Amino acid sequence: MKIGTDGVILGAWCTVDNYPDTVLDIGSGTGVISLMIAQRSDVMTIDAVEVDENAYEQTVENFENSDWGDRLYCYNATFQEFAKEICKEEESYDLIVTNPPFYNDDFETENEARNKARFTSSLSFNELIIGVAKILSKNGIFATIIPFKEEEVFMNLAKENNLFLNRVCRVQGNETSEIKRSLLEFSFQKKEIKVTNLVIETERHQYTKEYVDLVKDFYLKM
């Protein structure tokens with residue numbers, strides 16, 4: 001699976017057809033997911049929160065240079081701080097989306113920015129889910145992409161916070177490779193779980209129709 005694919009897949013896959021009024025992108029990176037949601041929908045307010053200052057500045061620049069800058073806002077803070085403030089103001093989001101930190105402390109590098117972006121010490125799955133449950137609206141949706149091997153643990157943590165899995169898509173690089181990622185969508189409502197599979201390539205740089213149909217609106221050449 002090529003680097004950078006996760007955010008694009010999540011941005012294209014998450015549900016926006018229920019006309020959410022407010023969206024939150026946790027750990028915006030360069031702002032790709034927020035920009036994709038702005039392109040896909042008429043959502044009035046899309047907030048992003050990013051802890052790393054350089055990534056935050058990149059997100060702000062990308063928002064300002066986009067066609068949707070008047071709907072996009074980014075905050076330089078930890079998600080924990082941000083969620084606490086939103087909760088205090090008794091506000092909520094109709095869609096919360098995140099491509100969260102994946103790796104545990106055993107694989108941390110000496111690059112602090114990379115650690116913040118990709119390691120669970122800066123935002124554990126438990127902290128993420130607890131914060132989301134506090135600021136997700138009653139009928140809201142929480143969408144994320146995580147390693148497939150973490151799927152069961154993540155689902156159980158969500159359930160403990162009354163967030164129930166509604167939709168899952170398991171992602172493979174090609175038909176013979178192991179499942180690498182799980183796209184998950186949760187809400188406070190128990191529903192029949194919709195399960196799908198997504199294979200990205202038939203061979204190197206030869207993409208499946210399903211993958212092309214999902215992401216073609218976001219690439220100049222696809």
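Source: prediction; values computed, not measured. Worth knowing before you read on, the calculation uses all heavy atoms, side chains too, and leaves out hydrogens, waters and symmetry mates.
The closest side-chain donor-acceptor pair between Asn54 and Gln58, if any, does not fall under 3.5 angstrom. With no hydrogens or angles considered, a side-chain donor-acceptor pair links Asn197 and Gln172 at under 3.5 Å. For the residue pair Arg167/Thr15, the side-chain donor-acceptor check at 3.5 Å is satisfied.
Partners of Lys149 under the side-chain contact (heavy atoms from CB on, under 4.5 Å) rule, at least two apart in sequence or in another chain, are Pro147. Every residue two or more places apart in sequence or in another chain that forms a side-chain contact (heavy atoms from CB on, under 4.5 Å) with Gln206 is listed here: Thr202, Glu203. Shown here are the side-chain contact (heavy atoms from CB on, under 4.5 Å) partners of Glu210, two or more places apart in sequence or in another chain: Leu198, Thr208.
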Residues 27-35 side chain polar contacts: donor-acceptor under 3.5 Å, at least two apart:
unit_1 : atom_1 : unit_2 : atom_2 : d
Ser28  : OG     : Thr59  : OG1    : 3.0
Ser34  : OG     : Asp25  : OD2    : 2.9

What pairs of donor and acceptor atoms, side-chain ones from residues 156-165 against any protein atom, are under 3.5 angstrom apart with sequence neighbours left out?
unit_1 : atom_1 : unit_2 : atom_2 : d
Asn156 : ND2    : Glu152 : O      : 3.3
Asn161 : ND2    : Leu157 : O      : 3.0

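Taking the side chain as every heavy atom from C-beta outward, Asp94 and Tyr19 never approach each other to under 4.5 Å. Between Val16 and Val43, the closest side-chain pair of non-hydrogen atoms is not below 4.5 Å.
Between Phe154 and Phe125, the ring-plane angle classifies as perpendicular under the 30° and 60° cut-offs. Between Tyr207 and Tyr211, the ring planes are tilted. Angles from 30° to 60° get that label.
Atom CD in Glu185 sits 10.5 Å away from atom OG1 in Thr144 (nearest 0.5 Å).
Under the 4.5 angstrom side-chain criterion for Ile, Leu, Val, Met, Phe, Trp and Tyr, the cluster partners of Val60 are Tyr56.
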Open item on the list: With side-chain contact (heavy atoms from CB on, under 4.5 Å) as the criterion, how do Thr98 and Leu123 come out once you've worked through the C-alpha distance, each side chain's angles and the decisive distance to 0.1 Å?
Closed with: CA-CA 12 Å; Thr98 184; Leu123 178 62; 5.7 Å; no
Open item on the list: I'd like to know whether Gln39 forms a side-chain contact (heavy atoms from CB on, under 4.5 Å) with Ser66, so could you lay out the CA-CA distance, the side-chain angles of the two residues, the decisive distance to 0.1 Å, and finally the verdict.
Closed with: CA-CA 10 Å; Gln39 180 178 329; Ser66 76; over 6 Å; no
Task: Stepwise side-chain contact (heavy atoms from CB on, under 4.5 Å) check, Arg181 with Ile9 - done: CA-CA 10 Å; Arg181 299 282 185 265; Ile9 293 176; over 6 Å; no
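Closest heavy-atom contact between Asn166 and Ser187: OD1-OG, 2.6 Å. Pairing each heavy atom of Ser41 with each of Arg71, the nearest pair is O-NH1, 3.2 Å.
In summary, Glu81 and Lys84 do not engage in a salt bridge, as defined by a charged side-chain N under 4.0 Å from a carboxylate O.
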